[in-house]
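Inspection log for the structure reproduced underneath, given as structure tokens.
The chain is numbered in sequence order, starting from 1.
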Amino acid sequence: SFTANSEPSVEEIIKGRKALFSKNYSTAKKVQTFASKGDFEKAKSLMIEMSENYKTLLEYFPENTKEGFKTEALPAIWENKDEFNNLMTKSSNDMIQLTKIIETSEDIKGTLGNLMWANCKACHSKFRASH
């Protein structure tokens, strides 16, 4: 989050959101590894971290950050702001839901697919430029 007395530059915002999404991706891979090995406490703490990152990302898409600095964000984010924000909120909530059910899941990979990877895919397919 940004402090009120120092307005972040467009570059800082774009690079910041890219870093958060990148962190969530690498964290998701760790979640998958830990959960698959039955190390649920480590997986859960990472799920909570991801949940917080999704909430933080809601602040990283002001109008003046639509282009530049190799952003892969599509105009659809700003054209469908409510939908995008709802997806970030859903992703955050799903990670918390995951902490509650992962240990008792009969199909860990499927549960991770539904509550974690599906949100990544939904966002990428609509709001991120293909790369």
Side-chain angles (χ1 to χ4, degrees):
S1 213
F2 305 114
T3 56
N5 60 358
S6 68
E7 278 295 305
S9 70
V10 169
E11 181 179 14
E12 288 170 325
I13 295 169
I14 291 173
K15 287 183 174 177
R17 72 184 178 217
K18 286 174 77 171
L20 272 171
F21 279 122
S22 181
K23 176 134 178 61
N24 264 11
Y25 177 65
S26 62
T27 302
K29 291 195 295 187
K30 290 178 193 163
V31 164
Q32 179 116 22
T33 301
F34 286 134
S36 299
K37 291 179 178 172
D39 194 342
F40 296 114
E41 290 316 305
K42 282 185 183 162
K44 285 182 193 180
S45 99
L46 293 174
M47 291 169 193
I48 292 165
E49 183 183 312
M50 286 178 68
S51 174
E52 291 304 314
N53 287 345
Y54 284 120
K55 288 183 206 167
T56 301
L57 280 159
L58 291 168
E59 308 301 316
Y60 275 81
F61 291 88
E63 282 292 321
N64 66 339
T65 65
K66 292 180 182 180
E67 52 192 39
F69 306 101
K70 298 183 180 156
T71 184
E72 294 173 350
L74 293 174
I77 289 173
W78 293 272
E79 294 161 6
N80 305 288
K81 194 68 164 151
D82 287 345
E83 183 183 351
F84 176 79
N85 288 347
N86 289 339
L87 182 55
M88 291 297 105
T89 301
K90 177 185 182 300
S91 299
S92 175
N93 293 339
D94 282 355
M95 293 312 295
I96 297 303
Q97 178 65 20
L98 199 50
T99 66
K100 297 174 180 164
I101 66 169
I102 194 66
E103 283 181 82
T104 57
S105 172
E106 295 289 320
D107 175 14
I108 289 173
K109 190 173 182 191
T111 301
L112 290 171
N114 291 337
L115 290 174
M116 184 172 72
W117 296 115
N119 288 324
C120 300
K121 187 174 182 184
C123 186
H124 284 213
S125 65
K126 181 150 193 178
F127 297 114
R128 184 182 184 194
S130 52
H131 57 284

Could you report the tightest heavy-atom contact between V31 and A43, atom names first, then the distance? CG2-O, 3.9 Å

Evaluate the side-chain proximity of P75 to E67: yes if any heavy-atom separation is below 4.5 Å, no if none is. no

With a 4.5 Å heavy-atom cut-off, do T71 and R17 have their side chains touching? yes

Under 3.5 Å, is there a donor-acceptor pair between the side chain of T27 and the main chain of K23? yes

Check whether any side-chain heavy atom of M47 lies under 4.5 Å from a side-chain heavy atom of I102, and answer yes or no. yes

Looking at NZ of K30 and CE of M50, how far apart are the two atoms once the value is rounded to the nearest 0.5 Å? 11.0 Å

K121 side, atom NZ; R128 side, atom CZ - distance, nearest 0.5 Å: 14.5 Å

Under the side chain to side chain contact (heavy atoms under 4.5 Å, CB included) test, residues paired with K37 that sit two or more places apart: T33

Among K55, E52, Q97, find the residue that satisfies the side-chain contact (heavy atoms from CB on, under 4.5 Å) test when tested with S92. K55

What distance separates C123 SG from M88 CE, expressed to the nearest 0.5 Å? 4.0 Å

Hey, could you give me the CG/NZ distance between L87 and K126, rounded to the nearest 0.5 Å? 10.0 Å

Would you check if K44 and E103 make a side-chain contact, meaning some heavy-atom pair closer than 4.5 Å? yes

Does I14 belong to the same Ile/Leu/Val/Met/Phe/Trp/Tyr cluster as L58, with side-chain heavy atoms less than 4.5 Å apart forming each link? no

Side chains of E72 and F21: closer than 4.5 Å at any heavy-atom pair? no

OG1 of T89 to CG of N85, rounded to nearest 0.5 Å, is 6.5 Å

Can you list every pair that meets ring-ring contact (aromatic ring centres under 6.0 Å, His included) and has a residue in residues 67-91, with sequence neighbours left out? F61-W78, F61-F84, F84-F127

Reported CG-to-OH distance for the pair N93 and Y54, which is rounded to 0.5 angstrom: 12.0 Å

Please list, one pair per line, the donor and acceptor atoms closer than 3.5 Å that link side chains of residues 106-115 to other protein atoms, with sequence neighbours excluded.
{"from": "D107", "atom 1": "OD1", "to": "G110", "atom 2": "N", "distance (Å)": "3.0"}
{"from": "T111", "atom 1": "OG1", "to": "S105", "atom 2": "OG", "distance (Å)": "2.6"}
{"from": "T111", "atom 1": "OG1", "to": "D107", "atom 2": "O", "distance (Å)": "2.9"}
{"from": "N114", "atom 1": "ND2", "to": "G110", "atom 2": "O", "distance (Å)": "3.4"}

